[in-house]
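Working notes for the structure below.
Atoms within a ligand are numbered from 1 in the order they appear, just like the ligands themselves. Because the structure is predicted, anything quoted here is derived from the model rather than measured.
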Amino acid sequence: MDYLKITSAKNLSGSIKISGAKNASLPLIAMTILAKNPVVIKNLPHVADIRTLLKLLSNLGASCEFAEDSVTVNTAALTQTKATYDIVKTMRASILVLGPILARFGHCEVSLPGGCAIGQRPIDLHLKALEQMGAKIEIHAGYVQATAPDGLKGCNIIFDKITVTGTANIVMAAALAHGITYITNAAREPEVVQLCEVLNASGVKIEGIGTAILSVHGTSGALVNIAPFAIIPDRIEAGTYLCAAAITKSEITLTNAEPKHLGAVLAKLEEMGCTFTLADDTITLHPTEVLKAVKIVTQEYPAFPTDMQAQFLALATQAEGTSIIEERLFENRFMHVSELQRMGAKITLNGHTATVNGKSELSGTDVMATDLRASSALVLAGLVADGETNVHRIYHLDRGYDSLEKKLENVGADIIRLKEK
Ligand code: UD1
């Protein structure tokens, strides 16, 4: 197992190239199940979750050919329809194959993902929507068994809650369904938008893209021809490096980024005193000497993302005054708090709200990553902590950050990946 050793960074400078978005890549890889041609996906990030999903597709019979930062996925020979526990347990987003496999083959089995570190994360909304489309669903021996021998049928789906992978799953199922599926209370995340845009460009008419009401015109089972496309930039990776710039009071430029997807994150950094120079695909953060406290509530896009909550919590430990950070999406997404406290942060937790009394002097020590974004919060804290910080269990971090230590090292951070003894 690897860990990261970080020595307090004085000042960083330079530029960081943002990779393709993990959370856009996952549904778009699952989407290749709907294709009649080999699909070329460019700007794919080198992260463990992508490898896991490609392995799942390979296990089912698909072939994947890799080039530097692209992959060609051919699902023509895909015959297996069961996503087994050994893979699903390592990545909940494996559930994304349920919609497209069921739509193409009329049956699918996916292991139930179980709980995870940040909360229960049920999949009831995915299943309820598929049932509305005519699927018969049974839960047996830890597996979702879904059948739709006569194909899925378009219908009116109103999600009780906004769900990102739930929306993606149903869009993919609806793409091959008979008739039109109307999805109300759909997720509007840029990653869902890209999935819809790629399908729309491939002949699956989708109206309302980027809004909360989608109409997906199904192809009645006909597979679609999907042209090559490039994954959008990772807005969470970009947000994390903006926090790295802000916490170390450094001017850093992000390239290959998409400022339009970062509205809420940039607004909060501005409230804290940072300023920006924005161009089409670059963002330069101009730091402030004195970070101001901030109030944050996590919500669905376009509001402030839960996937940036941990990083802002780390940043708030270096702000003057009292910051209040409320987590509304996941019930247990504050596992990083106790590790930050061990480094000297003054944080009190009350239910879903963390109150951060800044500014604290942090001291480097051994800390444990508990989930993907919690890991990057500990790295950020390590960049300003006095002495050395060792972040353990970084397999969480490797699930979603492409070459994090190399990117930070390139801008001057003292960070190294080492093997646990
Ligand atoms: C996706 C992202 C994840 C992000 C999250 C919220 C991917 C691969 N992952 O996760 O990084 O943190 O969106 O922006 O894109 N819910 C239910 N029943 C369901 C589905 C969801 O109750 O069937 C609840 C969840 O427990 C949660 C909320 O709805 O409280 C939102 O979850 P959801 O949007 O589904 O998250 P994911 O798609 O799993």
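Counting heavy atoms closer than 4.0 Å to ligand 1, residue Glu331 contributes nothing at all. When heavy-atom distances to ligand 1 are checked against a 4.0 Å cut-off, Arg333 comes that close only through its side chain, counted from C-beta outward. Neither the backbone nor the side chain of Tyr301 has a heavy atom within less than 4.0 Å of ligand 1. If you look at Leu127 next to ligand 1, there are no close heavy atoms at all, none under 4.0 Å.
Expressed to the nearest 0.5 Å, how far CE of Met272 lies from OG1 of Thr288 amounts to 10.0 Å.
Here Phe304 and Phe312 bring their ring centres to under 6.0 angstrom of each other.
Polar contact with ligand 1: absent for Leu26 (N/O pair, distance under 3.5 Å). Backbone and side-chain nitrogen or oxygen atoms of Ala93 are examined, and none is located within less than 3.5 angstrom of a nitrogen or oxygen of ligand 1.
Atom numbering of ligand 1 starts at 1 in the shown order; those under 4.0 Å from a heavy atom of Leu329 are 27 (C), 30 (O), 31 (C). Taking every non-hydrogen atom of Val164 and a distance limit under 4.0 Å, the qualifying atoms of ligand 1 come out as 1 (C), 13 (O), 15 (O), 33 (P), 34 (O), 35 (O), 38 (O). For ligand 1, the atoms lying closer than 4.0 Å to a non-hydrogen atom of Ile123 are 19 (C), 23 (O). Close approach of ligand 1 to Ile162 (heavy-atom distance below 4.0 Å) involves ligand atoms 31 (C), 34 (O). Using a 4.0 Å cut-off to heavy atoms of Thr306, the atoms of ligand 1 that qualify are 6 (C), 12 (O), 14 (O).
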Enumerate donor-acceptor pairs with a distance under 3.5 Å from any side-chain N or O in residues 73-83 to protein atoms, sequence neighbours excluded.
{"from": "Asn74", "atom 1": "OD1", "to": "Ala76", "atom 2": "N", "distance (Å)": "2.9"}
{"from": "Thr75", "atom 1": "OG1", "to": "Thr32", "atom 2": "O", "distance (Å)": "2.8"}
{"from": "Thr75", "atom 1": "OG1", "to": "Arg104", "atom 2": "NH1", "distance (Å)": "3.2"}
{"from": "Thr81", "atom 1": "OG1", "to": "His107", "atom 2": "ND1", "distance (Å)": "3.2"}

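In summary, Arg417 and Glu405 engage in a salt bridge, as defined by a charged side-chain N under 4.0 Å from a carboxylate O. In summary, Lys268 and Glu271 engage in a salt bridge, as defined by a charged side-chain N under 4.0 Å from a carboxylate O. At a threshold of 4.0 Å, the pair Glu237-Arg235 does not count as salt-bridged, since none of the basic side-chain nitrogens sits closer than that to a carboxylate oxygen. Under the 4.0 Å criterion applied to side-chain N and carboxylate O atoms, Asp160 and Lys128 are assigned as salt-bridge partners.
Looking at residues two or more places apart in sequence or on another chain, you find no salt bridge (Lys or Arg N to Asp or Glu O under 4.0 Å) involving Lys292.
Under the 4.0 angstrom criterion for non-hydrogen atoms, Glu191 is not in contact with ligand 1. The closest approach between Pro122 and ligand 1 falls below 4.0 Å for a heavy atom of the residue.
The closest non-hydrogen atom to atom 38 (O) of ligand 1, taken over Thr163, Val192, Thr165, Thr298, comes from Thr165. Here the shortest heavy-atom distance to atom 7 (C) of ligand 1, taken over Asn23, Asp124, Asp371, belongs to Asn23.
There is no side-chain donor-acceptor pair under 3.5 Å between Thr298 and Thr306.
The aromatic rings of His392 and Tyr3 lie parallel to each other, their planes meeting at an angle below 30°, with 60° marking the opposite boundary.
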